[in-house]
Amino acid sequence: MSEMTENNQNEIAFSSRQYLPFEESVAAIDERIEDLKRQGQTNSLQGQNAQEIRAQQVNLTALLKQIYSNLSPWQTVQVARHPQRPILSDYLNLLFKDVRQMHGDRAFGDDPSIVTALGQIGSQKVMIIGQNKGKGIKEKVVCNFGCPNPEGYRKALAKMKFAEKYNIPIVTLIDTPGAYPGIGAEERGQAQAIAVNLMEMSRLRTPIVCIVIGEGGSGGALGIGIGDRIAMLEHAYYSVISPEGCAAILWHDGAKAPVAAEALKLTAKDLLKLKLVDSIIPEPLGGAHRNIHDTVYNVERYITRTLLQLKRVSLDKLVDDRYEKLRNIGVNCARAMETTPQPKAEKQLEIPERLSIEAQLRQKEMERI
Amino acid sequence: MGKKKKANWNGFSLKPRKEMPEGLWLSCPSCKNMLYKKTVDENLGICTECQHHFRINGATRVEQLVDEGSFEEIAADLASSDPLEFTWGEQNYKDRIKVDPEQMNAHEAMLVGKAFIRGRGVMLAVMNFDFLGGSMGMVVGEKFCRAVDRAIAESLPFIVVCCSGGARMHEGLVALQQMAKTSAALARYDQAGGLYICVLTDPTTGGVAASYAMLGDVIIAEPKALIGFAGPRVIQQTIKIELPEGFQSSEFLQEHGFIDMVVHRKDLRSEIGRLIDYCGK
């Protein structure tokens with residue numbers, strides 16, 4: 001075990017890895033490499049099986065590249081729901097320094113499925129707000145599997161107002177299947193809590209960066225998802241309804257979810273083309289769950305850069321721009337819909353399989369000019 | 001002539017037939033009485049026996065609410081551009097939203113316009129349940145925002161009658177973002193000091209409830225309307241408990257403090273007029 005951790009500290013240990021249905025061949029190669037290592041009893045770079053291991057690793061890389069560069073929308077949803085995908089607590093541990101969690105909505109209670117915390121990223125103080133799904137059954141139950149109740153949204157708003165007062169930028173990390181549909185949630189006004197958040201976030205006088213790190217489930221995600229920049233991890237999804245829900249409505253059959261996922265255009269690439277998200281944060285090869293540290297590093301880089309950009313803008317302009325951006329979503333609806341210049345837009349936004357953050361930013365600059 | 005034969009006999013029955021000639025008679029879902037449609041229509045779409053409020057379409061609602069002939073519709077010609085190019089099975093969304101201008105549902109899921117209610121000038125937005133369940137897509141969002149802009153420009157009170165199942169699935173995230181768009185517009189309206197009154201009717205759920213429906217300065221609801229974030233079926237499937245009686249009704253919401261008043265449909269006009277007077281608009 002020791003040489004393995006030495007070898008690639010960042011990767012999740014093989015023994016505890018979980019595979020998705022479409023990753024069977026990956027699992028086979030992983031197992032083969034692991035066998036070879038055990039036989040060789042040495043570091044993969046020197047031992048008797050070194051050659052073979054290296055060959056297998058090349059295979060593995062090629063295979064992962066092939067699988068992950070053309071994931072179907074439904075596979076993307078599966079990756080976004082992967083049990084080992086990094087969740088908010090991973091980001092709190094690895095990305096932010098000096099984290100101080102703040103609890104309670106000052107009215108009803110504290111909802112563990114939304115975490116609000118002060119933290120530092122580099123030298124920048126930020127208010128972190130995000131849904132926490134929890135790890136392990138016990139914690140998952142406490143966190144309600146990442147489905148917030150109204151008090152969670154009210155807590156988020158209270159802390160955002162606090163951040164506004166002290167000029168602290170806000171970073172929201174979105175990862176929820178949706179707001180919780182329960183009796184208590186309705187009694188305490190789930191709809192009202194989300195509605196107020198939408199209204200207040202649209203005029204909050206401090207920079208807001210939103211990142212969908214896993215599941216972006218409908219109103220539950222949008223409730224903390226209004227900001228100056230919206231980004232998504234490469235294999236995250238963001239949708240108006242879960243693919244299962246959509247399939248149940250249109251086909252009366254939840255098993256049609258893969259088709260529904262296709263139709264809903266919920267992947268990061270599709271949403272970038274629709275200009276609903278500003279950028280895609282690349283994930284390491286084989287998805288965020290294969291290498292949590294690299295994922296966190298990419299997210300960190302994105303946040304630092306974006307906050308630097310946003311801090312240069314005056315608050316008045318920031319709020320105006322945020323409003324304009326929202327106001328322009330779906331603005332081009334007219335009877336003459338045949339004349340929309342679609343081919344041109346397609347050409348501009350054509351994204352290569354793996355686009356670096358810099359390239360995306362450059363592209364956005366170009367668009368602005 | 002045994003019992004057996006009687007059980008198999010399925011000819012003439014003394015029970016009233018469930019199917020009635022279309023368009024003439026209505027069955028009240030609340031008191032199960034058969035009602036003559038014309039009587040109900042003349043009674044503002046309310047059951048004459050038990051005061052059950054039927055759903056009415058957008059155009060009828062406008063007719064009932066405003067002073068006769070005062071409604072000037074704006075932005076009437078908007079249509080969705082089908083951003084996702086959504087298809088399912090053999091159907092596609094683009095065909096589904098093609099409207100027949102001759103028909104009453106030619107208004108998409110929302111009509112907006114300037115009108116007078118008891119002599120007070122207002123901007124009015126009325127949702128139309130007949131068009132895809134009154135679901136909110138880009139057209140609803142855009143019409144709503146244009147109405148808000150106009151209300152700010154002319155400093156008019158803004159009145160919205162909600163009747164919707166939520167965000168329109170066929171427009172995906174574009175529809176979801178309309179929640180944000182409408183709420184942001186209302187934030188501007190709020191800062192401009194406008195009076196915003198929402199009237200919630202059966203049903204107001206999902207994305208509409210979680211955005212502009214719950215942001216009113218005054219929130220009025222019609223009696224026994226279904227109002228909530230998640231639909232009752234979704235809740236039942238999730239928690240697997242029988243839902244209490246009257247759950248998510250207007251009265252339930254009033255009891256829990258989310259609605260200012262429950263108002264009978266026939267009092268709606270006068271009530272809105274009075275509220276506008278109180279707010280000095």
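Protein chains get the first letters and strands the later ones, always in sequence-line order, with residue 1 at the start of each. What you see is a predicted model; the values in this text were computed from it and never measured.
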Query raised in the report: In terms of heavy-atom proximity below 4.5 Å to chain A, should Phe252(B) be classed as side chain, backbone, both, or neither?
Result: side chain
Query raised in the report: chain B: which of Ser218(A), Gly219(A), Ala260(A), Gly225(A) shares the most heavy-atom pairs with it under 4.5 Å?
Result: Ser218(A)
Query raised in the report: Side chain, backbone, both or neither: which part of Ile329(A) has a non-hydrogen atom closer than 4.5 Å to chain B?
Result: both
Query - Interface residue of largest heavy-atom contact number with chain A, from Gln237(B), Arg188(B), Arg168(B), under 4.5 Å - result: Arg188(B)
Query raised in the report: Is it the case that more than 12 heavy atoms not belonging to Glu245(B) sit under 6.0 Å from its CD atom?
Result: no
Requested in this report: Among Gln178(B), Met169(B), Gln91(B), single out the residue with the greatest number of heavy-atom pairs under 4.5 Å to chain A.
Outcome: Met169(B)
Query raised in the report: Given a strict heavy-atom distance threshold of 4.5 Å, which part of Ile183(A) is in contact with chain B: side chain, backbone, both, or neither?
Result: both
Query raised in the report: Would you find a donor on one side and an acceptor on the other, under 3.5 Å apart, between the side chain of Glu142(B) and the backbone of Asn328(A)?
Result: no
**Report entry** Interatomic distance, Met199(A) atom CE to Met214(B) atom CE [nearest 0.5 angstrom]
**Finding:** 14.0 Å
**Report entry** Members of residues 185-196 of chain A whose heavy atoms come closer than 4.5 Å to chain B
**Finding:** Glu186(A), Glu187(A), Arg188(A), Gly189(A), Gln190(A), Ala191(A), Gln192(A), Ile194(A), Ala195(A), Val196(A)
Requested in this report: Specify the closest pair of heavy atoms between Val240(A) and Gly172(B), including all atoms of both residues, with the distance to one decimal.
Outcome: CB-O, 3.4 Å
Query - Best-contacting candidate, Gln236(B), Glu255(B), Gln248(B), against chain A by heavy atom pairs under 4.5 angstrom - result: Gln248(B)
Query raised in the report: Counting heavy-atom pairs under 4.5 Å to chain A, which of Ala213(B), Gly141(B), Ala187(B), Pro244(B) comes out on top?
Result: Ala187(B)
Query raised in the report: Counting only heavy atoms not in Lys224(B), do more than 12 sit closer than 6.0 Å to its NZ atom?
Result: no
Query - Toward chain A, the part of Asp149(B) with a non-hydrogen atom under 4.5 Å - result: side chain
Query raised in the report: Considering only heavy atoms, which portion of Leu173(B) lies under 4.5 Å from any heavy atom of chain A: side chain, backbone, both, or neither?
Result: both
Query raised in the report: Atom CE of Met179(B) and atom CG of Leu326(A): how far apart are they, to the nearest 0.5 Å?
Result: 12.0 Å
Query raised in the report: Nearest heavy-atom pair of Leu264(A) and Leu84(B): which atoms, and what distance?
Result: O-CD1, 3.5 Å
Query raised in the report: More than 12 heavy atoms of other residues, nucleotides or ligands under 6.0 Å from NZ of Lys325(A): is that the case?
Result: yes
Report summary line: Okay, Thr87(B) and chain A: the region with an atom under 4.5 Å from a heavy atom over there is backbone
Requested in this report: To the nearest 0.5 Å, tell me how far Ser183(B) OG sits from Glu200(A) CD.
Outcome: 10.5 Å
Report summary line: Here the gap from Gln177(B) atom CD to Leu198(A) atom CG, rounded to the nearest 0.5 Å, amounts to 9.5 Å
Query raised in the report: Minimum heavy-atom separation for Ile226(A) to Ala180(B), with atom names?
Result: CD1-CB, 3.5 Å
Report task. Check whether any side-chain heavy atom of Ile249(A) sits under 4.5 Å from a side-chain heavy atom of Trp88(B), and report yes or no. Result -> no
Query raised in the report: Given a strict heavy-atom distance threshold of 4.5 Å, which part of Arg327(A) is in contact with chain B: side chain, backbone, both, or neither?
Result: both
Query raised in the report: If you measure from OH on Tyr323(A) to NZ on Lys181(B), what distance do you get to the nearest 0.5 Å?
Result: 8.5 Å
